[in-house]
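Here's the structure, in structure tokens; my notes come after.
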Amino acid sequence: MHSFSPVIETLISELMKLPTIGRKSAERLAFHLLKSNPKQAEALAKAILDVKHRIIFCSQCFNATETDPCAICANPERDHTVICVVEDPLNVLAIEKAGIYNGLYHVLQGRLSPLRGVTPEDLRIKELIARLSGAQIKEVIIATNPDLDGDTTALYLSKVLKPLSVTISRIGLGIPMGGSLEYVDEGTLKKALEGRKQL
Amino acid sequence: MGIVKTEAIILDSAEYSETSKLVRVFSPARGKLSVLAKGARRKGSRVGAGLEPFTHVNLTLYLKEAADLGTLKECEVIESFAYLREDLIKLALASLYIEAIRITLAPGARNYSLFKLTLAYLHALRKCRDSTGMTVHFLLKLLKDLGFQPALKGCVRCGATERIRYFHLRRGGVVCAACAGETAELVALNPGEYRVLKKSVETPVKSVVRIRLSRKQSKALLELLIRMLEYHLETRLRSVRFLDQMMLEIP
């Protein structure tokens, strides 16, 4: 059976370690890199190394950053009395893009998952509690995803944060913009009705 | 095979590519099936909510002959068991039960009785006060369905019915004090726990929910059943880690 040179095989097997990349996709990417300008490949290799060498996690909020504390935690213009709890740094990016929130963040670095055996010890929950105990935080907004693991994380957080004297809220859940009522399941409808607003 | 309609319980759900989900489902007529739900992660998807673990659904799939991977066409929620999202202990216990099914169920292995049992468990868990005891009863029924029903009539070594003190994991039954010996495969069983275990095994599903267990008995028997499951399945159940921590933290 014909196989590629060991150098190409190594690249393919490394690419296959990335999420959602199978053998075929890895082969396509490897041959794209092989055909591309050497500078493009060097820039990609440098970018990967830079991420690994220069990016750290903020010691306060655990967001990905080049400086510690991160730009958000160090910004005096932001509201330091509100913390928005999210699952990963991509969620921070999504909220920041919307430009509607001016408080701080806390990145859990994952979410609880009973079926995958992810427990509170695997997340940055202890650090969140420590942060709330020693600062002037008045409100915690839980912004975990509205799925089983996200709901589990939110429920657990609400239980462990309750004894602390902070307001705990969760972002609104319900029918998405552009959605259609007739296709909404009972769980979503229940959340939408519970979270209704007076006009 | 083409278009197939089947009732199912969602066992597990994982992200697949930027917009899709890959779910494993328990179909009474087709056993464990993998289903690719294209576009399920898109904003406003009509099927996303139905693909959450534990959900009882009606699925319309495109399935090829002899394949165990289908493509989802439609998903209608029958029951979402949303109460599990409001009780961490019940969620952890249901996760244990569902994980055991996910590991043991074979693709293509039809099993109507296990499907019915699983739905009965998820409904019974909703209203019960002793969720650990309820899980013990249903795990015993699950073990029976899987062919691992514990032998409880008498000591599996000498047949004695008196002084039953241990459960032997490898032999899958109880042993008396005289036959116990020294082995890591023994789990201590007091007379009260033995009595409840026997009664639960002998009682049909409909009535088993009425058998009351003390808190101590529920905990001890659940531990025993987890050890039994892990011993026979030759794997550590991932949900046990979460369950242990919730049991410790939530009184």
Side-chain angles (χ1 to χ4, degrees), chain A residues 18-22 24-25 87-88 90 94 110-123 125-126 129 144-160 162-163 170 173-194, chain B residues 10-22 24 41-55 57 74-96 98-99 102 236-246 248-250:
Chain A
L18 298 171
T20 74
I21 302 287
K24 283 280 170 206
S25 301
E87 292 173 8
D88 59 49
L90 284 173
R111 64 235 197 101
L112 296 178
S113 178
L115 285 165
R116 291 185 174 79
V118 182
T119 70
E121 286 175 357
D122 302 318
L123 308 181
I125 293 175
K126 267 185 199 159
I129 296 168
T144 51
N145 283 317
D147 54 17
L148 182 71
D149 291 348
D151 286 351
T152 306
T153 311
L155 180 62
Y156 180 79
L157 285 177
S158 69
K159 283 193 188 298
V160 293
K162 213 170 186 179
R170 190 171 183 201
L173 306 172
I175 302 155
M177 301 272 276
S180 179
L181 211 62
E182 65 195 279
Y183 292 112
V184 174
D185 65 291
E186 49 162 302
T188 311
L189 262 178
K190 188 179 167 223
K191 295 278 181 196
L193 281 168
E194 281 170 359
Chain B
I10 309 293
L11 300 176
D12 199 1
S13 173
E15 293 175 358
Y16 185 87
S17 78
E18 292 234 335
T19 55
S20 305
K21 272 185 175 181
L22 185 65
R24 269 177 292 195
R41 295 179 61 211
R42 280 205 188 104
K43 188 186 87 174
S45 161
R46 293 169 186 179
V47 294
L51 302 177
E52 290 285 287
F54 310 107
T55 313
V57 286
E74 276 178 42
C75 170
E76 179 205 353
V77 175
I78 300 171
E79 171 67 62
S80 63
F81 298 108
Y83 71 90
L84 292 171
R85 295 171 185 232
E86 288 155 18
D87 189 321
L88 289 164
I89 295 286
K90 285 184 179 177
L91 173 68
L93 290 164
S95 298
L96 170 71
I98 287 289
E99 188 184 5
R102 184 176 57 77
R236 295 281 299 164
L237 293 166
R238 288 189 288 186
S239 52
V240 173
R241 210 173 151 237
F242 184 82
L243 175 65
D244 284 347
Q245 191 145 1
M246 290 306 111
L248 266 179
E249 289 189 27
I250 301 166

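Here is the naming used below: chain letters follow the sequence lines, and residue numbers restart at 1 for every chain. For clarity, every value in this text was computed on a predicted model and none was experimentally measured.
- Residues forming a ring-ring contact (aromatic ring centres under 6.0 Å, His included) with B:Phe81 (at least two apart in sequence, or on another chain): B:His123.
- Contacts of B:Thr55 with chain A are absent, with no heavy-atom separation under 4.5 Å from either backbone or side chain.
- From B:Leu84, atom CG reaches atom CG of A:Leu155 across 11.0 Å, with rounding to the nearest 0.5 Å.
- Of the atoms belonging to B:Asp244, not a single heavy atom falls under 4.5 Å from chain A.
- Of the two parts of B:Leu93, neither the backbone nor the side chain holds a non-hydrogen atom closer than 4.5 Å to a non-hydrogen atom of chain A.
- The existence of a salt bridge linking B:Arg236 and B:Glu99 is excluded, since no basic side-chain nitrogen approaches an acidic carboxylate oxygen closer than 4.0 Å.
- Residues satisfying the side-chain contact (heavy atoms from CB on, under 4.5 Å) criterion with A:Pro146, sequence neighbours excluded, are A:Leu173.
- Both the backbone and the side chain of B:Glu86 come within less than 4.5 Å of a heavy atom in chain A.
- Of the atoms belonging to B:Leu51, not a single heavy atom falls under 4.5 Å from chain A.
- Looking only at side-chain heavy atoms (C-beta outward), A:Arg111 and A:Thr144 stay at 4.5 Å or farther from each other.
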